[in-house]
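Both backbone and side-chain heavy atoms feed into the values below; hydrogens, waters and symmetry mates do not. All ligand and atom numbering here is 1-based and tracks the order in the structure. Note that the structure is a prediction, hence the values are computed from the model and not measured.
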Amino acid sequence: MIKKVEMRVLSSQQIAKDTTEVILENKYISENAVPGQFIHILLEGRTLRRPISIADIDQENKTITILFKKLGSGTEQLSTVSSGTTLDVLGPNGNGFNTDLQEGTTVLLIGGGIGVPPMYALGKEYKERNVNVVSVLGFQSREHVFYEEKFQELGKTIIVTDDGSYGKKGFVTNVLNQVGDFDHYYSCGPAPMLKAVTSELKGKPGSISLEERMGCGVGACFACVLPTKTEKGYKKICCDGPVFNAMEVVL
Ligand code: FES
């Protein structure tokens with residue numbers, strides 16, 4: 001159930017170019033959030049809340065981690081919050097990833113840019129349940145890369161950069177032939193990347209998160225509407241997603 005809570009900022013730091021990591025404390029959110037969900041933050045002086053995906057969940061310490069890119073005045077403001085302050089938050093929002101794969105199976109995580117964070121929370125949960133985790137992460141360039149070591153702790157990790165300044169050069173789809181067999185894939189990133197991934201992995205079981213295309217996050221602005229192959233036709237990413245079956249949506 002979505003609740004309005006106050007989350008205390010425990011830390012905030014820049015971890016890559018234009019990318020900030022903030023650790024927030026709240027018992028309710030940490031105990032109820034699942035990978036793939038997002039929180040809805042109301043910043044001081046603003047009227048609209050901002051949806052930000054959850055990158056890590058730590059129930060023991062009652063915290064969650066969010067990672068975001070400075071893309072406008074809202075995220076710029078969020079990147080300046082200081083430790084000890086509190087944020088007005090609604091959450092956890094949206095439908096998370098299904099995590100029903102069994103011990104001994106293999107999942108492939110494919111993240112692009114700021115679509116990488118939700119892949120981490122998911123991979124961590126699967127690793128704890130002895131599911132094999134293979135990750136392919138795409139970034140613009142070396143200075144945008146983050147969480148490489150954290151993903152390596154989960155399993156085999158391939159880094160790809162658009163300009164080849166770090167890892168392999170190209171797009172995530174260029175290295176999918178190097179990942180071996182898997183039972184289910186999960187992907188989050190820009191729409192063109194998801195389109196390429198779902199086309200490349202056509203016929204394989206997969207789930208995608210379209211969180212990058214969210215606006216208001218509450219079903220009011222229609223910025224997130226997308227066509228699907230289901231009876232319902234159009235669906236809203238913020239309310240019906242952000243996670244969908246890879247074969248269900250028309251990208
Ligand atoms: Fe505004 Fe979904 S983000 S309706």
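Under the 4.0 Å criterion applied to side-chain N and carboxylate O atoms, R142 and D163 are not assigned as salt-bridge partners. Between K62 and E25, none of the side-chain N atoms (NZ, or NE/NH1/NH2) sits under 4.0 Å from a carboxylate O, so this pair counts as no salt bridge.
Through direct or indirect side-chain contacts shorter than 4.5 Å among Ile, Leu, Val, Met, Phe, Trp and Tyr, I64 is connected to M1, V5, M7, V9, V22, L24, Y28, I29, I39, I41, L43, I52, I54, I57, I66, F68, L78, V81, L87, V89.
For atom 2 (Fe) of ligand 1, the tally of protein N/O/S atoms lying closer than 2.8 Å stands at 2.
The aromatic rings of F38 and H40 lie perpendicular to each other, with more than 60° between the two planes, well past the 30° mark.
Residues L108 and V172 share a single hydrophobic cluster, defined by chaining ILVMFWY side chains whose heavy atoms lie under 4.5 Å apart.
When side chains are defined from C-beta on, E153 does not count as touching K127, because their heavy atoms never get closer than 4.5 Å.
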